[in-house]
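Numbers here are sequence positions counted from 1. Counting starts at 1 for both ligands and their atoms, following the listed order.
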Amino acid sequence: MTTPIPARPVKRRRLLKTALIGAPALLVAGAGGLGIAYASAVTDTSGEIDFKNPLNVPPLAESTVDAEGRRVFELTLRSGSRQFKDGAATGTWGFNGDYLGPTIRAARGETVLFNIHNTLGETTSVHWHGMHLPPTADGGPHQSVHAGTTWSPSWKVDQPAASLWYHPHPHGETARHVYRGLAGMFIVDDEESAALALPKTYGVDDFPVIVQDRSFDGDNQFDESSGLFTNVGILGEEILVNGTYAPYLEATTTRVRLRLLNGSGSRVFNFGFTDGRGFALIGTDGGLRAEPHGTNRIQLSPAERAEIVVDVAPGEKVILRSYAAEDLDIDPFSQRFDGGDDVFDVLELRGAATLTESPAVPGKLVDVPKLDVDKSTETRKFQLSGFNLNGKSMDMDRIDFGVEKGTVEIWELENGDQQFHNFHVHDVQFQVLKVNGENPPEHLRGWKDTVYLRPGGKTKIAMEFKDFADPDMPYMCHCHVLYHEDQGLMGQFVVLEKGQKVGKPPKDGGHEGH
Ligand code: C2O
Ligand code: CU
């Protein structure tokens, strides 16, 4: 007896791509084969999703305040299973639950303490993406949390209100750990943002929207095996939002704020609404913008965030879609095979029959002071090529460079390949100065911690290293296409006091749990 396996265009696309990137296969395929492969290498789910599941809104993480006034959170990493689709439940990993984690919320000025319990049976780490914090609390590959242990980082939150996130960062295993479900949103609040007339009631008019591509095998399990042969790793052919398959969100207000996070390992999304409606882009990775920017598309590469406010009418239905990318600046062949032509129906936004009136989006949001690049003393160049940063593969024992505390640096990021990369820097939020010599487009103006890098292009960014000098404990900078990162496209840097020398990273991958 053979079990029938449903036809899945998904698989075919990967196999074809695998064949195509091998030169001999390419020769054999010939022009006709190439044409067929190209034509079938696109995924398009527009109009095919039934949107029958209410969007899961991750609960806000509970916390207590300890004797020293620290806000204490407990996060347990565990395995589980979730019913995403009809049929078998899917084996998953999550924080305090089956899949993803609670939304953490803390205000600027608060000291937070996390007790991270690892019950997964293997070593991982938990990184606070976008957070300004000491390198020992960062949760990068040196802060291993071994199986069965607890890690307890603490720091004072001191940065503008923003939609940050958290995810594992074990060297070489990040893609797999995130793919299985380990990720969550971390919302920072501050007084300025609290005073603005923006939608801000969590789960009522203000929603995290964590968008992830996943592939399911014939048994509804996450398909982790096929990524090895693509240029960018696993490209899932189905979408989960906050861990919900085919989700709808019923709005009860005339405006909703969506905190979009591209939580995929490798895929670039190009979000817009199916009726072409505009929305206000109010925030980027590291905080609110100076003023809203009206647009009808927002492109996000892996790990990038955007906060948008969109109008809703009573009783209507409109779909948030990820359109074929328009701004990858990549050759048509790579665009097609790295998922840039794919179209996904992501989330159906429904207006309730009657809606509560929301205030208009303020014309001015917050101060985004320009970094003083004139006083910058250091310009560094980084080339991303293959799986290397400046020709080198990540080495846990090598600190690549040191920056001086209290200085503004300019980094020139060059994508030396004909495929896409992006770039993420730990500890700081940066400002994009130039993209290929031009002033950055609107959606890159504002605090960023991750930026898309055009193939063959140059992107200039500026950042300030304000605190936390430590000659021995590095921060990471890397491509956030997780497959590239895992393969070695990552470097390590330390923040130094003036005159201090780069030290030595800890031997055993750092922290031992207790
Ligand atoms: Cu979101 Cu170094 O990672
Ligand atoms: Cu990359």
_His480: its N/O/S atom lying closest to atom 1 (Cu) of ligand 1 (atom name)_ =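 Nearest to atom 1 (Cu) of ligand 1 within His480's N, O and S set: NE2.
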*Closest approach to atom 1 (Cu) of ligand 1 by His129, given as the N, O or S atom name*: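 Going through the N, O and S atoms of His129 one by one, ND1 ends up nearest to atom 1 (Cu) of ligand 1.
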*Report yes or no: does His127 have an N/O/S atom closer than 2.8 Å to atom 1 (Cu) of ligand 1?*
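Coordinating: no.
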*Please confirm if an N, O or S atom belonging to His167, backbone or side chain, lies less than 2.8 Å from atom 1 (Cu) of ligand 1.*
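Yes, since at least one N, O or S atom of His167 sits under 2.8 Å from atom 1 (Cu) of ligand 1.
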*Taking just the N, O or S atoms of His421, which one is nearest to the Cu ion (ligand 2)?*
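When I compare the N, O and S atoms of His421, ND1 is nearest to the Cu ion (ligand 2).
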*asked:* Checking one value in my table: which N/O/S atom of His484 lies closest to the Cu ion (ligand 2)?
replied: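 That would be atom ND1.
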Which word best sums up how the rings of [X] and [Y] line up, parallel for under 30°, tilted for 30 to 60°, or perpendicular for over 60°?
X      : Y      : result
His127 : His167 : perpendicular
Phe186 : Trp128 : perpendicular
Phe387 : His484 : tilted
Phe222 : Tyr99  : tilted
His177 : Trp93  : perpendicular

*Verify whether one side chain among Gln429 and Asp449 offers a donor that lies under 3.5 Å from an acceptor in the other.*
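Short answer, yes.
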*Tell me, please, if His169 has any N/O/S atom, main chain or side chain, under 2.8 Å from atom 2 (Cu) of ligand 1?*
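Checking His169: at least one N, O or S atom is under 2.8 Å.
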*So does His426 have any N/O/S atom less than 2.8 Å away from atom 2 (Cu) of ligand 1?*
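It does: His426 brings an N, O or S atom closer than 2.8 Å to atom 2 (Cu) of ligand 1.
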_Atom of His478 nearest atom 2 (Cu) of ligand 1 (restricted to N/O/S, atom name only)_ =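 Atom name returned: NE2.
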*asked:* Please determine whether ring pair (Phe, Tyr, Trp, His ring centres under 6.0 Å) holds for the pair His426 and His478, giving the CA-CA distance in whole Å, both sets of side-chain angles, and the decisive distance to 0.1 Å.
replied: CA-CA 9 Å; His426 287 211; His478 58 90; 5.4 Å; yes
